[in-house]
Enquirer: 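Below you will find the structure I want to go over with you.
Every heavy atom of this structure was used, including side-chain atoms; hydrogens, water molecules and symmetry mates were not.
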There are 2 protein chains.
Amino acid sequence: MTTAVPKVDPAPIASTHDSEPIAGDTDPRVEALVHDLIGRVADKWTMLVLELLEEKGTLRFTQIARLIGSISQKMLTQTLRQMERDGLVIRTVHPVVPPKVEYRLTDLGRSLGSAFCGVWIWAEKNLDAVEDARRAFAKASAGEPAAC
Amino acid sequence: MTTAVPKVDPAPIASTHDSEPIAGDTDPRVEALVHDLIGRVADKWTMLVLELLEEKGTLRFTQIARLIGSISQKMLTQTLRQMERDGLVIRTVHPVVPPKVEYRLTDLGRSLGSAFCGVWIWAEKNLDAVEDARRAFAKASAGEPAAC
DNA sequence: TCCGACACTCTCCTTCTGGTGAGTATAAAT
DNA sequence: ATTTATACTCACCAGAAGGAGAGTGTCGGA
């Protein structure tokens, strides 16, 4: 955590040029990956597939499609490819007459699921808090539109 | 025929292990919130702001803007509003001559940061694994374009 | 007097995302 | 001969996301 900006100017009107961008982070590579990865896993479909495979173990393309129900083929293919690319799932093709492809999580995939557990738990625990905050915010906004 | 296929195929071909039919969702409301919320927090800017405020404590609008460096005003405003709405940050307006607005995390915001810690740790730990997987995938794809 | 600073808001404009629907190959079933 | 099922790919299109840049109001400084 390199603190790139040691001086936090307290004056209301003062220094104009802090040419130091961004705050220090452990590693640019790590940061990039984390963003990338969270951006990807936070994806609705990836999350659903991850959960589904964690729960069921091994599934075929159309089984996943049917279980999720609302996903388009395009998105499912895209999602699975991405996950395969990142080493989260293993794709096994059986060269049988009607094509048969099975998907299952790798250890990496499972560990990611576990890591996200924390967020999941947070969400469940703070469900009400967030909803309360939203209601309060909505009411406050409606209550004082031009209160100044 | 793509849509409107209510009839669920009883037994397509082989079944790896069909134990449970479908369902298996803790709560639709919880699930919805979790998606919603993860989708929001996974946002690049929200994550950066969350981290920044966790590290620095209290910051003003332009301070955040400068520290992040590449965010547009529009996005910063949008992000902060969203976070305020969700009860993650507190926005304090000082009615002074040049407007002064300070932002800091709520307990909820801080706890979310902690929850995301697990994912960060995962990412750091598995950085190499993911990159390896990507390289391997890229190589495999390039290596066998018409392998059948 | 005019500019700059703050914390925004508003209007474009471009890119990206995700959905629809069609097409493909093959062999068993009808 | 036609249909069905599987696991895709491809072309097209609508809507959303996000960036650029200008405008707003007031006041202190040059």
Side-chain angles (χ1 to χ4, degrees), chain A residues 8-18 35-36 39-40 42-49 58-84 89 91-103 141 145-146 148, chain B residues 1-5 7-16 35 39-40 42-49 58-84 89 91-103 141 145-148:
Chain A
V8 183
D9 92 281
I13 319 166
S15 59
T16 323
H17 30 287
D18 292 294
H35 282 167
D36 210 66
R40 169 159 317 133
D43 169 49
K44 181 181 168 188
W45 303 128
T46 305
M47 277 193 40
L48 284 172
V49 171
T58 302
L59 290 171
R60 302 180 55 180
F61 186 86
T62 40
Q63 285 181 324
I64 300 174
R66 272 199 278 266
L67 284 168
I68 292 182
S70 56
I71 193 170
S72 64
Q73 287 184 326
K74 177 186 166 186
M75 275 299 105
L76 182 52
T77 305
Q78 209 172 94
T79 303
L80 287 170
R81 280 289 135 78
Q82 191 76 265
M83 292 175 80
E84 188 194 358
V89 301
R91 180 167 173 270
T92 315
V93 182
H94 302 264
V96 293
V97 183
K100 178 175 178 181
V101 183
E102 289 180 328
Y103 296 90
S141 301
C148 244
Chain B
M1 78 171 254
T2 39
T3 48
V5 185
K7 79 160 178 194
V8 185
D9 196 331
I13 298 177
S15 44
T16 37
H35 282 167
R40 170 160 314 133
D43 169 51
K44 180 182 169 188
W45 302 129
T46 305
M47 277 194 40
L48 284 172
V49 172
T58 301
L59 290 172
R60 300 180 57 180
F61 186 86
T62 40
Q63 286 182 325
I64 300 175
R66 272 198 279 266
L67 286 168
I68 293 182
S70 56
I71 193 172
S72 64
Q73 287 184 326
K74 177 187 165 186
M75 275 298 105
L76 182 52
T77 305
Q78 210 172 94
T79 303
L80 287 169
R81 280 290 136 76
Q82 191 76 266
M83 292 175 79
E84 189 195 355
V89 301
R91 180 168 174 270
T92 314
V93 182
H94 301 266
V96 292
V97 182
K100 180 176 179 181
V101 183
E102 289 179 328
Y103 296 90
S141 302
C148 42

Enquirer: In terms of the nearest nucleotide of DNA chain D, which residue is placed more toward the 5' end: B/Ser72 or B/Val97?
Expert: B/Ser72

Enquirer: When the distance from CG of A/Asp43 to P of C/dC16 is rounded to whole Å, what number comes out?
Expert: 17 Å

Enquirer: How many angstroms lie between CG in A/Leu76 and OH in A/Tyr103, if you round to the nearest 0.5 Å?
Expert: 7.0 Å

Enquirer: Starting from C1' on D/dG18, measure out to CG on B/Leu76 and report it in whole angstrom.
Expert: 14 Å

Enquirer: Return the nearest nucleotide to the side chain of A/Arg66; candidates are D/dC8, C/dC6, D/dT6.
Expert: D/dT6

Enquirer: In whole Å, what is the span from the CD atom of B/Gln82 to the C1' atom of D/dA17?
Expert: 13 Å

Enquirer: Has A/Arg60 got a side-chain N or O lying under 4.0 Å from the OP1 or OP2 atom of D/dA7?
Expert: yes

Enquirer: Among C/dA7, D/dA20, D/dA7, which nucleotide sits nearest the side chain of B/Phe61?
Expert: C/dA7

Enquirer: Give the nucleotide from the list C/dG19, D/dG25, C/dC8 with an atom nearest to the side chain of B/Pro99.
Expert: D/dG25

Enquirer: Just checking B/Thr62: base, sugar-phosphate only, or nothing, at a heavy-atom cut-off of under 4.0 Å?
Expert: sugar-phosphate

Enquirer: Whole Å only: how far is the CD1 atom of A/Ile71 from the P atom of D/dA7?
Expert: 14 Å

Enquirer: C/dG19 P sits how many Å from A/Lys44 NZ, rounded?
Expert: 6 Å

Enquirer: Using whole Å, what does the distance between atom P of nucleotide D/dA7 and atom CD of A/Gln63 come to?
Expert: 8 Å

Enquirer: Counting heavy atoms from C-beta on, name the nucleotide in C/dC12, C/dC8, D/dC8 closest to the side chain of B/Tyr103.
Expert: C/dC8

Enquirer: Take the protein atom CE of A/Met75 and the nucleotide atom P of D/dC8, then report the distance between them rounded to whole Å.
Expert: 15 Å

Enquirer: Identify which nucleotide among D/dG19, D/dT9, D/dT6 has an atom closest to any side-chain atom of A/Pro98, counting heavy atoms from C-beta outward.
Expert: D/dT6

Enquirer: Of the listed nucleotides (C/dA7, C/dC10, C/dG18), which one gets closest to any side-chain atom of A/Gln78?
Expert: C/dG18

Enquirer: Measure the CG-CD1 distance between A/Leu80 and A/Ile71 for me, rounded to the nearest 0.5 Å.
Expert: 7.5 Å

Enquirer: Measuring from A/Leu48:CG to A/Ile64:CD1, what's the distance to the nearest 0.5 Å?
Expert: 11.0 Å

Enquirer: Choose from D/dA7, D/dA20, C/dT9 the nucleotide whose nearest atom is closest to any side-chain atom of A/Arg91.
Expert: D/dA7

Enquirer: From CD of A/Gln73 over to C1' of C/dG23, roughly how many Å is that when rounded to an integer?
Expert: 11 Å

Enquirer: Could you grab the distance from atom NZ of A/Lys44 to atom OG1 of A/Thr79, nearest 0.5 Å is fine?
Expert: 10.5 Å

Enquirer: State the CZ-CZ distance between B/Arg91 and B/Arg81, to the nearest 0.5 angstrom.
Expert: 4.0 Å

